[in-house]
Asks: 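First, the structure itself, so that you have it in front of you.
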Amino acid sequence: MTASSFLPPQRTLMGPGPSDVNPRVLSAMSRPIIGHLDPVFVGMMEEMKGLLQYAFQTENALTLPVSAPGSAGMETCFVNLVEPGDKVIVCINGVFGTRMKENVERCGGTAVVVEDDWGNPVSPDKVADALKGNPDAKVLAFVHAETSTGARSDVETLCRLAREHDCLTIVDSVTGLAGSPLYVDDWGVDAIYSGTQKCLSCTPGLSPVSFSQRAVDRIQARSHKVQSWFLDLNLVMGYWGGGSKRAYHHTAPINALYALHESLVILQEEGLENSWARHCRHHDALRAGLEAMGLEFLVAEEHRLPQLNSVHVPEGVDEAAVRGELLERYGLEIGAGLGPYAGKVWRIGLMGYGANERNVLTCLSALEAVLADRGVVEPGRAMAAARAAYARMDAAGSTG
Ligand SMILES: Cc1ncc(COP(=O)(O)O)c(C=O)c1O
């Protein structure tokens, strides 16, 4: 077989991630490769650490991008902080809490599960009870922004509860970072991981992480070796934490790191609060359009993530056929439901660079046309509602 160059089609990515990547980021990736121990590269890494600290709102020295996707950031937190026999309270309100439980068990820990229905946030009351009932728990783990449903949990309250019980926290903010307010230091988060392909609008494949001094102390006091060589932070720190004296650990994904650096520079230029506000603004317009079509949200308004909008599929509509048509005719990707919501909801992402008016209007007009063909919505309403929402926000002086 003679293969030729792969030329992907142009898509608008409005699923649960990856999201549309800023062209500046793609262009940064194509810059010349240099050695990963080159002093110029090391200087860029130092700068990147500062940019990540800004994104996470932390002064944690142990803040770096793991050279692998969000799942590796998750594993980095668990393999370093959970030792065999440790009890960990794991909150499950969607797919990613389930994966946290799996991680605890693979580390030889015992998971105490606090369950909430999919679409709901993690319940602080249930967590408080679990902490009281398990005074020997070492870690509380939960997801800030549950991508499988679009529910946002209250990081500040959950971390405060954990601290009251002298418990460390592991927080998944793969979909949260840069899209929703997050203050790692002020809220007392101990270990957090994210991903590059969501609200940072970078290419997939890296996982920013950050660890508090309490977490570092726990890692340094471990009685068992971290079972993963690659993710053992004691070793990774020799490369990322060594200042000008960096030791080889693994070959850094150099051009991917140029991309992340660029996306963080873009975030800094925009300002973190402005990025959060922009996600809300475009969510409000999208919501107006979706509701004008009669589509109902899965998550209650006060717990909704602006960057991940789950709406129920109208009765009698073949949801996969709609997604297929959106992709083929309009080049638009939206996401399917997962778990109990497979076949029942669509997940519409408004993440990072993709959180803009063009994407909102593209999505509404395409979805409205496809649903109008099936006789379940009346054409014209969604676009009018979204435009009216933008006009109202402009009149009220909404930025973003
Ligand atoms: C909340 C959450 N956690 C973890 C992950 C895993 O990240 P990755 O797919 O980059 O490994 C994802 C990916 O969608 C996610 O949404």
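Everything quoted here is computed from the prediction, not taken from an experiment. Order of listing sets the numbers, starting from 1, for every ligand and every atom in it.
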Asks: Taking it one step at a time, do E325 and R374 satisfy salt bridge (charged side-chain N to carboxylate O under 4.0 Å, His left out)?
Replies: CA-CA 12 Å; E325 196 173 330; R374 286 160 172 77; 3.1 Å; yes
Asks: Give the residues near ligand 1 by chain and number, with the criterion being a heavy-atom distance under 4.0 Å.
Replies: P69, G70, S71, F96, A145, T147, D172, V174, T175, Q197, K198
Asks: Are the charged groups of E83 and R218 less than 4.0 angstrom apart, N to O?
Replies: no
Asks: Can R24 and E262 be counted as an ion pair, charged N to O under 4.0 angstrom?
Replies: yes
Asks: Looking at D232 and R222, does any basic side-chain N land under 4.0 Å from a carboxylate oxygen?
Replies: no
Asks: Is the positively charged end of R287 above the ring of F297, judged by distance under 6.0 angstrom from the centroid and angle within 45° of the axis?
Replies: no
Asks: Tell me whether the rings of W118 and Y341 are parallel (<30°), tilted (30 to 60°) or perpendicular (>60°).
Replies: tilted
